[in-house]
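This report concerns only the one structure given below.
Lettering follows sequence order; numbering is per chain, from 1. All figures in this text were calculated on a predicted structure; none of them were measured in a lab.
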Amino acid sequence: MSGLVSLSAEQGFLSPTGVEIAFLLVGLVTLGGAVLAVTSRQLVHAALWLVVALGGVAVLYLLLTAEFIAWVQVLIYVGSVVVLLLFGLMLTKAPIGPSPDADSGNRWVALAVALATAATLVTVVVDAFRTAWIDLDVPQGSTEIVGRSLFRHWVLPFEALSLLLLAALVGAIVLSRRKKERR
Amino acid sequence: MHLAYPAVLAALLFSVGLYGVLARRNVVLVLISVELMLNAVNLNLVAFDVWLRDELHAGQSLTLFTIAVAAAEIGIGLAIVLLVYRNRGSSNLDELRDLVERDPGSDDGSDDNSDDSNAGDGAASRPAASAAAAPKGEVTA
């Protein structure tokens, strides 16, 4: 911890490094995509703005030197989850074009709750980690490092997770299968 | 890099997702907001893992697990949404009110009848419809 304090003495708060500026810009794009995804009145556009937000988060992982997580994010979230969501919108016959009833009546309460949460969390987080600096000189998340820790220390959760995925797959098939009429 | 950058961004993303969960009517849009909240948590996990130089890399491993669980959740969630839509003809959250608590004294038989006429597959779909509406309550909770 004393190393962290001496590290913070070297780095000024008001002189951001290049990585910090890049993080800030990509973070703004991510946040803008997220806000548009939850406020857009066109349902398909909301799912497409989600792609911007999730892709921005992938770039943020790259800036944090967690490259394996970044590619997994691109493959699974941008590649499959968004496609699933688009299929869901299509199969529930979501209207093309603006739908005025996309937001429910309690959106102002929701806005108040979200603003209160944001204010509380940001205040606490900034106050707690004012003198914490991430040292990014050694990459922490290459495929080799993550794979080694995953298959050395986290094998049992990994296998349990594959079982969970299988159960979810079977469950989704059983739920969405059309039942035959029994006479 | 200052740790406040990813931490503050994750907090803001979480709040945006929270707003979406509370404000949206369409179930698929609520699922989109849930994905945003999960991503905020993942960003926190990765940032703190890189900050702490964890030997086990618990943060990144947990991020991978979260991504996989989110994929499973979105698959099951969309299957349930499809089932509800097929039975009700609508995927708006505020129209799924089967579990609403009524006064035991008042007789609400007429309300049940109107629900039955909405069901697409006839009488056989009635238990399936209420069974599908029950997990929906957990999604909103």
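Of all heavy-atom pairs between B/L12 and A/A118, the closest is CD2-CB, 4.1 Å. Between A/G141 and B/Q60, the shortest heavy-atom distance links the atoms CA-OE1, 3.3 Å. When every heavy atom of B/L78 is checked against every heavy atom of A/G88, the shortest pair comes out as CD2-CA, 4.1 Å. The shortest non-hydrogen separation linking A/L121 to B/A11 is CB-CB, 3.8 Å. Between A/L165 and B/A68, the closest heavy-atom pair is CD2-O, 3.8 Å. Pairing each heavy atom of A/A37 with each of B/I32, the nearest pair is CB-CG2, 4.5 Å.
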Stepwise side-chain contact (heavy atoms from CB on, under 4.5 Å) check, A/D135 with B/R53: CA-CA 9 Å; A/D135 202 3; B/R53 300 280 176 104; 3.6 Å; yes

Chi angles and distances behind the salt bridge (charged side-chain N to carboxylate O under 4.0 Å, His left out) call for A/D103, B/R24: CA-CA 5 Å; A/D103 292 330; B/R24 290 297 211 182; 3.1 Å; yes

side-chain contact (heavy atoms from CB on, under 4.5 Å) between A/L175 and B/I80, worked out: CA-CA 7 Å; A/L175 275 181; B/I80 293 174; 3.5 Å; yes

Residues B/L22, A/V109; criterion side-chain contact (heavy atoms from CB on, under 4.5 Å); working and verdict: CA-CA 8 Å; B/L22 292 178; A/V109 183; over 6 Å; no

Stepwise side-chain hydrogen bond (donor to acceptor under 3.5 Å, both in side chains) check, B/N42 with A/Q73: CA-CA 10 Å; B/N42 285 346; A/Q73 168 96 2; 4.9 Å; no

side-chain contact (heavy atoms from CB on, under 4.5 Å) between A/I134 and B/F48, worked out: CA-CA 9 Å; A/I134 304 178; B/F48 279 86; over 6 Å; no

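With chain B as partner, the option from A/S104, A/A167, A/A172 having the largest number of non-hydrogen pairs under 4.5 angstrom is A/S104. Between chain A and the options B/S33, B/A58, B/S90, B/A71, heavy-atom pairs under 4.5 Å are most frequent for B/A58. Heavy-atom pairs under 4.5 Å with chain B peak, among A/V19, A/L111, A/L63, A/L115, at A/L111. Note: A/L89 leads A/V174, A/L89, A/V124 in heavy-atom pairs under 4.5 Å with chain B. Ranked by heavy-atom pairs under 4.5 Å with chain B, the list A/T92, A/L31, A/T120, A/V81 is led by A/T92. Interface remark: of the candidates B/D94, B/L82, B/V8, B/L82 forms the most heavy-atom pairs closer than 4.5 Å to chain A. Comparing B/V50, B/I74, B/N92 by heavy-atom pairs within less than 4.5 Å of chain A, the highest count is held by B/V50. For chain B, the option among A/L60, A/I173, A/L161 with the highest count of heavy-atom pairs below 4.5 Å is A/L161. Heavy-atom pairs under 4.5 Å with chain A were tallied for B/D49, B/L64, B/T63, B/L52; the largest tally goes to B/L64. The choice from A/V82, A/L164, A/I145 that makes the most heavy-atom pairs within less than 4.5 Å of chain B is A/I145.
Annotation: A/I21, atom CD1; neighbour count of heavy atoms from other residues, nucleotides and ligands within 6.0 Å is above 12.
Under the 4.5 Å side-chain heavy-atom criterion for ILVMFWY residues, a single connected hydrophobic cluster contains both A/V35 and A/L24. The cluster map of Ile, Leu, Val, Met, Phe, Trp and Tyr, joined by side-chain heavy atoms under 4.5 Å apart, puts A/V52 and A/V78 in different clusters. Cluster annotation: B/V16 is not connected to A/W49 through the hydrophobic network of ILVMFWY side chains, with a link wherever side-chain heavy atoms come within less than 4.5 Å. Clustering ILVMFWY residues whenever any of their side-chain heavy atoms sit less than 4.5 angstrom apart, transitively, puts A/L91 in a cluster other than the one holding A/L43. Following chains of ILVMFWY side-chain contacts shorter than 4.5 Å, one can reach B/V34 starting from A/V113, so the two form part of one hydrophobic cluster.
Using a 4.5 Å heavy-atom threshold, the side chains of B/L36 and A/L50 count as touching. Two residues are said to be in side-chain contact when any heavy atoms from C-beta on lie closer than 4.5 Å; B/I67 and A/Y77 meet this criterion. Counting heavy atoms from C-beta on, the side chains of A/V57 and B/L13 come closer than 4.5 Å. Side chains of A/W154 and B/L56 form a contact here, defined as non-hydrogen atoms less than 4.5 Å apart. Between B/L43 and A/Y61 the shortest side-chain heavy-atom distance falls below 4.5 Å. Using a 4.5 Å cut-off on side-chain heavy atoms (C-beta onward), A/F158 and B/F65 make contact.
When heavy atoms are compared at a cutoff of 4.5 Å, B/A40 does not approach chain A at all. Contacts of A/L85 with chain B are made by both backbone and side-chain atoms, with heavy-atom separations under 4.5 Å. Of the two parts of A/A53, only the side chain, counted from C-beta on, holds a non-hydrogen atom closer than 4.5 Å to a non-hydrogen atom of chain B. In this structure, the portions of A/T117 lying under 4.5 Å from any heavy atom of chain B include both its backbone and its side chain. Only the side chain of B/L29 comes within contact range of chain A, judged by heavy atoms closer than 4.5 Å. Interface residue A/P157: backbone and side-chain heavy atoms are both found under 4.5 Å from chain B. For A/L28, no part sits under 4.5 Å from any heavy atom of chain B, backbone or side chain. In this structure, chain B has heavy atoms under 4.5 Å from both the backbone and the side chain of A/L84. Contacts of A/V146 with chain B are made by side-chain atoms alone, with heavy-atom separations under 4.5 Å and no backbone atom involved.
We find the CD-NE2 distance between B/E55 and A/H153 to be 7.5 Å, quoted to the nearest 0.5 Å. The CG atom of B/N39 lies 9.5 Å from the OG1 atom of A/T30; values are rounded to the nearest 0.5 Å.
A/F129 and B/Y5 have their aromatic ring centers separated by at least 6.0 angstrom.
Distance alone, capped at 3.5 Å, is enough to place a donor-acceptor pair between the B/H2 side chain and the A/R130 backbone.
Side chains of A/Q140 and B/D54: no donor on one and acceptor on the other come within 3.5 Å.
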